[in-house]
Amino acid sequence: MMSQSVLPLATLAERSLRAVWHPCTPLRASSQGAGEAPLAIARGEGPWLFDTNGRRYFDATSSWWVNLFGHANRTINAALTAQLETLEHVMLAGCTHAPAVELAERLSALTGGALGHAFFASDGASAVEIALKMSFHYWRNVGLPGKTEFACLQHGYHGETVGALAVTDMPIFRDAYAPLLRRAHVVLSPDARQARQDESATQVAARALAELESLFRERSGQIAALIVEPLVQCAAGMAMYDPSYLDGARALCDRYRVHLIADEIAVGCGRTGTFFAWEQARGVDMGLPAHTWPDFLCLSKGISGGYLPLSVVLSRPVVQKNFVADDLGRSFLHSHSYTGNPLACRAALATLDVFEQDHVIEKNRHREQWLADAMAPLGSDRRLCHVRQRGLIWAADVRPEVAGTNFAARFHYTAREHGVLIRPVGNTIYVMPPYVFDAEGAKWLASRLEDTLEIVAPSCTEGEVRIDSEERRAA
Ligand SMILES: Cc1ncc(COP(=O)(O)O)c(C=O)c1O
C-alpha cells in the first residue's frame with residue numbers, strides 16, 4: 001500500500017472536483033476528465049486571469065459580468081485595505097455605518113433623487129426577492145391584498161432562488177423545481193431578433209407592448225409587478241431590444257396600477273453605455289418626462305466592482321412611505337446577516353469614485369467604438385447572424401447549420417487554448433469585457449475569437465455550403 005507521502009499531489013482542479021460543488025455545472029460521470037476540469041486560477045491583474053501554471057486568459061465576460069475595472073484594481077484595493085482597518089462588519093438592524101449611508105446617498109443622487117431608500121442584500125437573486133416581496137407588501141398596505149401575481153418577459157432571467165426562479169422563463173433552470181414555484185405570467189419579449197420580415201426593433205417592441213396590455217387588461221387587479229431586464233436580456237443570449245419598450249411598459253404599468261421592477265443586476269453600472277440602462281428610456285413618444293424611473297431598481301454584480309457580493313434595491317419614495325406604521329404587519333421584516341456589509345459598500349463607493357474620477361461613462365464611448373471596429377470582420381462573417389451591440393456588450397449568433405452540437409462548450413475550451421475566457425450562451429458568442437481595454441486590446445480579442453471560430457466551425461463546412469445553396473434557391 002502506498003503511503004500518503006508518495007501519492008502524487010493532486011492538482012487544485014482535481015481537489016476542487018472532489019471538494020467543491022461547482023455552480024451551473026452538471027456532474028457528468030465523465031466530469032473527472034481533464035477537458036472538463038475547472039480552470040484553476042491563481043491570480044488576476046487588469047483584464048487578465050492567470051492559471052496555476054502561469055498561463056494568462058483575457059476575462060472576456062468579466063467573470064460572470066461582475067468585474068468592471070479589471071482584477072486587482074488599485075483604487076478598490078486601497079479602499080478595502082483602509083476599510084479593513086476600520087470596520088469589517090456590523091449588522092444593519094439597529095446600527096448603521098458610513099459606507100452604507102454614503103453609498104445609499106450616492107446611488108439615489110445618480111437617479112436624480114427619483115429612487116432611494118437603498119435596501120441592501122448580497123446577491124442578485126436576493127435583490128429580486130426583496131423587490132417582489134416589497135411590491136406585494138406595498139399593495140397589501142394600500143388595501144389591495146389581491147395583487148399577488150407577477151409578470152415577466154419570455155426568456156427573462158432573474159436568479160435562481162425560489163421567488164426569483166418563478167419570474168425566470170428558462171426551462172433549463174426552472175423545470176426541475178416547477179412544483180415549488182408560483183408561476184408568473186410570461187409575456188412576449190421585445191427581443192429584436194424576433195422581427196418579422198420588414199419589422200423594425202421598435203415595431204417588435206410595440207407588438208410586445210400590445211401583448212403586455214392585453215394581459216394587464218385582463219389581470220391587472222391581481223398583478224403586483226412586471227419585472228424586466230432593461231435593454232438586454234443577458235442570460236437569454238444577450239437579447240437586445242428597443243428602448244421604446246421601457247417607456248411603453250412604464251406607461252402601461254402606470255395606467256393599470258402595476259409596479260415596474262427594473263432588474264439592472266447585469267445591465268447596470270455602465271454596461272449599456274449609461275450608468276443605469278433605464279437612462280436610455282426615451283419617454284418621448286408617450287409624452288412622458290425623459291427620466292421616468294421604474295418603481296424598483298435592482299443592482300448587483302458590477303456595483304462592488306466585482307469584488308464582493310453586494311446587491312441593492314432602490315425604490316420610489318412613495319414605496320417606503322406606505323411601510324411607515326406602528327403595526328408590525330405593515331413593516332418590511334426582511335433581512336440577511338450581511339446586509340450592507342461595510343467592506344462590500346466600501347468597494348462600491350470606490351467603484352463609484354472610479355466612475356467619477358476616470359470619466360468612465362465618457363471613455364467607454366471610445367471603448368464601444370473600438371469594440372465595434374475590432375469585431376466588424378467577425379460581424380460580417382457569413383457563419384454569424386443577428387450581430388448586435390449595446391454599450392460594452394457585443395454579441396452574435398452562430399447559425400445553427402454551422403454551430404454543430406455542443407457549440408458553447410467546444411467554443412469555450414478552444415478559446416481557452418487561445419488565451420480567452422469566454423462562455424457562449426447556446427449558439428450566441430458574446431463579449432462583455434472589463435472597462436480596461438484599448439483599441440489594440442479589442443483587436444487582439446477579436447482576432448482570437450476569429451481563430452477560435454475557425455477551429456470550432458470551420459468556414460467551409462457542409463453547413464456553409466448549405467447556406468450558399470439555400471441563398472441560391474431563394475434568389
Ligand atoms: C438580470 C439578472 N438578474 C438576477 C441575477 C441573479 O444574480 P445572482 O447570480 O447574483 O444571484 C442575474 C445573474 O446573472 C442576472 O443576470
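Along the sequence shown, residues are numbered consecutively beginning with 1. Predicted model, so just to flag it, every value in this text is computed and none were measured.
Looking at D397 and R388, a side-chain N of the basic residue comes within less than 4.0 Å of a carboxylate O on the acidic one, giving a salt bridge.
With Q154 contributing its side chain and S189 its backbone, the two residues share a donor-acceptor pair below 3.5 Å. Not one N or O on the side chain of D123 forms a donor-acceptor pair closer than 3.5 Å with the backbone of A125. Using modelled atom types, no side-chain atom of Q233 and backbone atom of A239 make a donor-acceptor pair closer than 3.5 Å. Put simply, the side chain of T25 gets close to the backbone of P23: a donor and an acceptor are under 3.5 Å apart. A donor-acceptor contact shorter than 3.5 Å is absent between the side chain of S315 and the backbone of V319. Put simply, the side chain of T75 never gets that close to the backbone of A350: no donor and acceptor are under 3.5 Å apart. Not one N or O on the side chain of D381 forms a donor-acceptor pair closer than 3.5 Å with the backbone of P377. Looking at R390, its side chain never comes within 3.5 Å of a backbone N or O of M240 through a donor-acceptor pair. Distance alone, capped at 3.5 Å, places no donor-acceptor pair between the D242 side chain and the A201 backbone. Using modelled atom types, one side-chain atom of N341 and one backbone atom of A344 make a donor-acceptor pair closer than 3.5 Å.
Ring planes of H259 and F296: perpendicular class, angle over 60° (limits at 30 and 60°). Ring geometry, Y241 versus Y245: the interplanar angle exceeds 60°, so the pair is classed perpendicular (tilted spans 30 to 60°). Ring-plane geometry between Y256 and F216 is classed as tilted, the angle between the planes lying from 30 to 60 degrees on a 0 to 90 degree scale. Between Y338 and H89, the ring-plane angle classifies as tilted under the 30° and 60° cut-offs.
In this structure the side chain of V162 reaches within 4.5 angstrom of the side chain of L181, judged on heavy atoms. Within the 4.5 Å cutoff, the side chain of Q280 has heavy atoms near those of the L231 side chain. Residues S108 and L314 fail the side-chain proximity criterion, which asks for heavy atoms closer than 4.5 Å. Taking 4.5 Å as the limit, some side-chain heavy atom of L352 sits within range of a side-chain heavy atom of L103. Using a 4.5 Å heavy-atom cutoff, the side chains of P400 and F407 are not in contact. Between V232 and R271 the shortest side-chain heavy-atom distance does not fall below 4.5 Å. Residues H158 and L132 fail the side-chain proximity criterion, which asks for heavy atoms closer than 4.5 Å. Looking at V204 and D191, their side chains never come closer than 4.5 Å, going by heavy atoms from C-beta outward.
Under the 6.0 Å cut-off for aromatic ring centres, F332 and F119 qualify, their centroids lying closer than that.
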| message | Determine whether F323 and S331 satisfy the following criterion, side-chain contact (heavy atoms from CB on, under 4.5 Å), listing intermediate values before the conclusion. | response | CA-CA 6 Å; F323 282 87; S331 300; 5.8 Å; no
| message | Run R250 and V228 through side-chain contact (heavy atoms from CB on, under 4.5 Å) and show every step you take. | response | CA-CA 11 Å; R250 175 68 277 177; V228 300; over 6 Å; no
| said: Could you walk me through whether L449 and M375 satisfy the side-chain contact (heavy atoms from CB on, under 4.5 Å) test, starting with their C-alpha distance in whole Å, then the side-chain angles of each, then the deciding distance to 0.1 Å, before giving a yes or no? | reply: CA-CA 9 Å; L449 297 186; M375 293 294 186; 3.7 Å; yes
| field | Intermediate values then yes/no, ring pair (Phe, Tyr, Trp, His ring centres under 6.0 Å), W48 and Y57 | value | CA-CA 5 Å; W48 301 102; Y57 306 87; 9.0 Å; no
| Residue pair S16, H22: steps toward the side-chain contact (heavy atoms from CB on, under 4.5 Å) verdict | CA-CA 8 Å; S16 191; H22 287 266; 2.6 Å; yes
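Annotation: the span from F69 atom CZ to C269 atom SG amounts to 8.5 Å, rounded to 0.5 Å. Within the model, atoms CG of L349 and CD1 of I76 stand 11.0 Å from one another, a figure rounded to the nearest 0.5 Å. Of the inter-residue distances, the one linking H386 atom NE2 with N427 atom CG reads 11.5 Å to the nearest 0.5 angstrom. Rounding to the nearest 0.5 Å gives a distance of 8.5 Å between CG of L144 and OH of Y138. Distance CE/M432 to CD1/I393: 3.5 Å, rounded to 0.5 Å. To the nearest 0.5 angstrom, W293 atom CH2 is 9.5 Å from W278 atom CH2.
Across A281 and L246, no two heavy atoms sit closer than the pair CB-CB, 4.0 Å. The shortest non-hydrogen separation linking S220 to K147 is O-NZ, 2.7 Å. Of all heavy-atom pairs spanning V456 and R410, the tightest one is O-NH1, 3.1 Å. Across every non-hydrogen atom of A127 and C298, the tightest pair is O-SG, 3.9 Å. Among all heavy-atom pairs drawn from D295 and V258, the shortest one is OD2-O, 4.2 Å. Closest of all the heavy-atom pairs between A347 and S304 is CB-O, 3.8 Å.
Between N364 and E368, the side chains place no donor N or O within less than 3.5 Å of an acceptor N or O (distance only, hydrogens not considered). For the residue pair Y307 and N77, a side-chain donor N or O sits within less than 3.5 Å of a side-chain acceptor on the partner. With 3.5 Å as the limit, one finds a donor-acceptor pair spanning the side chains of H117 and Q320.
Within a 6.0 Å sphere centred on CG of L180, other residues, nucleotides and ligands contribute more than 12 heavy atoms. Heavy atoms from other residues, nucleotides or ligands lying under 6.0 Å from NZ of K321 number 12 at most.
Shown here are the side chain to side chain donor-acceptor pair (under 3.5 Å) partners of D59, two or more places apart in sequence or in another chain: S63, H71.
Residue pairs meeting the salt bridge (charged side-chain N to carboxylate O under 4.0 Å, His left out) criterion with at least one member in residues 204-229, sequence neighbours excluded, are E149-R219, E199-R207, E213-R255.
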